[in-house]
Amino acid sequence: MQFGEMFRCLLFFSMLIHSSFAQKLSEGSGTSDAPSKKWLTLNGNEPLVIARGGFSGLFPDSSEFAVDMAMTSSMGDVVLYCDLQLTKDGLGVCQPDVRLDNTTNIAMVYPQGEKTYKVNGQDLKGWFTVDYTSDELFNNVTLVQNVLSRPSLFDGALSIQSVDDIVGRKSVKLLWLNVQYDGFYNEHKHSPASYVQKVVRYYPLDYLSSPEIGFLKAMQGKVNKARTKLIFRFLATDAVEPSTKQTYGSILKDLESIKSFASGILVPKEYILPVGTNKYLEAPTSLVADAHKLGLEVYASGFANDYPASFNYSYDPTSEYLQFIDNSEFSVDGVLTDFPPTASETIACFTQNNNASKPVKGKALIISHNGASGNYPGCTDLAYQQAIDDGADIIDCSVQMSKDGVAFCLDSADLSGDTTAMPTFMSRSIVIPEIQQDSGIFSFDLTWSEIQSLKPQLVSPFGSDVGFLRDPANKNKGKFVTLSEFLELAKSKAVSGVLINIENAAYLASKKGLGIVDAVSKALSNATFDKQSTQQVLIQSDDSSVLSQFKNVSTYKRVLTIEEKISDAPKQPVEEIKKYADAVTITRPSIMPISNSFLMGNTSVLDEMHAANISVYLSVLRNEYISLAFDYFADPILELATYVAGFGVDGIITEYPATANKYMRSPCFDLNAEQAILPVQPGSLVSIIQGAEPPAEAPAPILEVADIVDPPLPPVAVDLSVNSPPAPAPDAKDSSALKIVADLGLSLAAVGALNLLF
Ligand SMILES: *[C@@H]1O[C@H](CO)[C@@H](O)[C@H](O)[C@H]1NC(C)=O
Ligand SMILES: *[C@@H]1O[C@H](CO)[C@@H](O)[C@H](O)[C@H]1NC(C)=O
Ligand SMILES: *[C@@H]1O[C@H](CO)[C@@H](O)[C@H](O)[C@H]1NC(C)=O
Ligand SMILES: *[C@@H]1O[C@H](CO)[C@@H](O)[C@H](O)[C@H]1NC(C)=O
Ligand SMILES: *[C@@H]1O[C@H](CO)[C@@H](O)[C@H](O)[C@H]1NC(C)=O
Ligand SMILES: *[C@@H]1O[C@H](CO)[C@@H](O)[C@H](O)[C@H]1NC(C)=O
Ligand SMILES: *[C@@H]1O[C@H](CO)[C@@H](O)[C@H](O)[C@H]1NC(C)=O
Ligand SMILES: *[C@@H]1O[C@H](CO)[C@@H](O)[C@H](O)[C@H]1NC(C)=O
């Protein structure tokens, strides 16, 4: 097979995505108009971004795609990190392990090739590079993605790269070689030391690291130390260093001794910021300060957007980098990461320039979704307070009714997900097909005092695996909030506006005798929202008849929810929308269809709405990487940039307002700025490899007039005795994770695989 054919688009792709970024940067770096930041690194320079195996978070480790993309999609310089392995004929290749079984298809090509060797005293089984000549590897073996949460689309299209190949690539400017297994190769009559000496004769090597002290000592006289920095790599604290037979933990206690053979150390990030077994960050160690005092540089390893390290980061990978490079005490000298674009974005855009008071032009409205429900149980006092603190422009209340007519805020009329109703009121669980398929415990069947006896509950829409949990410390924190309390809070905190969401109005009126429209109108008037225009009021509903009821207050902006994904919004239905609404809330696939977690292009829905002067709000954005298409590099900020700066949506509805605010207030929000976060081009990632695109899904339906026009609201029933008793409930089951899956277009198998990862 000729691999060359498949590479056609890579360069094209990276130019589409980030070239102006890279270009602007190289023009701007070091020039006087960029305010120079002060860093607490050893030499005061910006921390380094070190790309482990290139952009291995997206492409197979150390493949040419991974290498080129690491460089072209990052802001600023990136050091390419290559794990050196040697072949039977002594050639150096970049691969993360002495064995190739997880990162290539070698087991298929050489089914008899499995061997067992002792590596550092341990028996390891697998397909070892030392058993194959470079010809055997280059001609027959292809690379595969070895992490389940990353795309397998590029498997089979790329071959193993020699160190020569890698250093010859135009994109590679700075090189870091790691020699992890010097002892093992020497036992097999290969010398990594001689190989490295050959490399440095032809190519400037910037960093050389190893966890073996003997190797580093031997290299001292063999490389020019002014040119090549020697770095001692620490492994797990209880692992034994082969040349001294001491544990890395005990070597750590004598940093001074390292100075004699290395100019810096590379440590697992937990050496600097320990994470408890409960996944919360503990106080930082003094390692960076101690090492810097001795003149040793400190590099931290183990960064990956799709391995959320701690609840403290709220699934925002830039928050993690900030802890290491932008705290008031220290900065590491570099981060070794599988996702170099995110590390470089953090350094360029989010450090030392937070300015919450800065007015921002062209920004979309940040609308909370059940408050800051990524951090606190949705719709509680704490979730709203957090959303306000995090910079939400609009806080939202989905109004629900209690049996005795109290209007309060909660995501769903079904209390079984967001509260502790499930054990207590299990006997009240029923099926109401007009509201949802699954059985539920509904707010309108419980009195307000019964509801107040419950606790709110923070649940992740991605299930209960620890890898997707939301802050367990906040699981049952906060109080339920009535609609009036919500409005009072909004007034007293002077937020820019409120969004009131109304569902099930017809059912509540005819079957439960509850007038939700009236309750909302009254609460708004009582809080004088109908007599002012300083704070915006958005009334949102999926029911056009509900929106009609609010036409009488001209300052209210009416928002129609279009929950189903649509592929087109022709003129006629759009004109119909204008009769009821000033804005629509649509879901992500209505702007960019998704297949197998890849963006497949764009629809014209947004343009069609804008042409009719209808604002478009996008729902729902979340930080968790599992909710992001691969095109966003597991970075929620790239998704924001794509919808806000790329498409120009008028508002985003998010469970993590802090992340949206961080992005929109960063200097990189402005596409004309020296360094800008560019939107992703939908469809370009999937088209890199011709013929490998996943099958396109059937297009979503086209919006029709009939989808918009709802029957008039029935009057609020007074005599409810005619209603028959509700149907008994089948077994309750959690469907929220499945809804997300459908929204994203992920296959269930993919989700199952992801769940296994954690
Ligand atoms: C390959 O993957 C398996 C399963 O994840 C893991 O146990 C093993 O250590 C990996 N081997 C290598 C060589 O990385
Ligand atoms: C490896 O590739 C070479 C040349 O392309 C071919 O002759 C040989 O049969 C292949 N070996 C295996 C085991 O596939
Ligand atoms: C991490 O979160 C926990 C629980 O909220 C908190 O106690 C701790 O102080 C946080 N740590 C850091 C470094 O922010
Ligand atoms: C923040 O922005 C405001 C308004 O533009 C400006 O007056 C202030 O100096 C800025 N503060 C910093 C620290 O940049
Ligand atoms: C009206 O507003 C007051 C506070 O301004 C509040 O205490 C009261 O509960 C509200 N009444 C209704 C029916 O919303
Ligand atoms: C607007 O209409 C609603 C629903 O018909 C009604 O409850 C409300 O009192 C009206 N508001 C004003 C200010 O007229
Ligand atoms: C669009 O709406 C704005 C304000 O809502 C209004 O000023 C403008 O005239 C409208 N334009 C069209 C073409 O309807
Ligand atoms: C959407 O796609 C059309 C072509 O299909 C293109 O012209 C337009 O620029 C795209 N819009 C965005 C924001 O990518």
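Side-chain atoms are counted along with the backbone in the values below, which use heavy atoms only and exclude waters and symmetry mates. When a ligand or atom number is given, it counts from 1 through the structure's own listing order.
Looking at atom 10 (C) of ligand 5, its nearest protein heavy atom turns out to be Asn526 ND2, 2.2 Å. Closest protein heavy atom to atom 5 (O) of ligand 5: Glu488 OE2, 3.4 Å. In this structure, the protein non-hydrogen atom closest to atom 13 (C) of ligand 6 is Val553 CG2, 3.9 Å. Looking only at heavy atoms of the protein, atom 2 (O) of ligand 6 is closest to Asn552 ND2, 2.3 Å. Of all protein heavy atoms, the one lying nearest to atom 14 (O) of ligand 1 is Asn102 ND2, 3.4 Å.
Counting heavy atoms closer than 4.0 Å to ligand 5, residue Lys522 contributes nothing at all.
Protein non-hydrogen atoms do not reach within 4.0 Å of atom 7 (O) of ligand 1.
Side chains of Gln145 and Asp155: no donor on one and acceptor on the other come within 3.5 Å. In this model, no donor atom of one side chain and acceptor atom of the other lie less than 3.5 Å apart for Tyr556 and Gln536.
Remark: ligand 6 atoms within the under-4.0 Å shell around heavy atoms of Ser521 are 3 (C), 7 (O). Using a 4.0 Å cut-off to heavy atoms of Asp518, the atoms of ligand 6 that qualify are 7 (O). Atoms of ligand 5 lying under 4.0 Å from any heavy atom of Ser484, numbered from 1 in the order shown and given with element: 12 (C), 14 (O).
Remark: Lys491 is positioned above the aromatic ring of Phe529, its terminal NZ or CZ atom under 6.0 angstrom from the ring centre and at most 45 degrees off the axis.
Checking only distances, Gln549 does come within under 3.5 Å of ligand 6, N or O to N or O.
By the 4.0 Å N-to-carboxylate-O rule, Lys557 lies too far from Asp582 to be salt-bridged with it. Checked for salt-bridge contact, Arg52 and Asp61 meet the test: a charged N lies under 4.0 Å from a carboxylate O.
Ligand 1 is never approached by Asp101 to a heavy-atom distance shorter than 4.0 Å.
Other residues, nucleotides and ligands place no more than 12 heavy atoms under 6.0 Å from the NZ atom of Lys189.
The aromatic rings of Tyr507 and Phe444 sit tilted, their planes meeting at an angle between 30° and 60°.
For the cysteines Cys397 and Cys409, the sulfur (SG) atoms lie within a distance shorter than 2.5 angstrom of each other.
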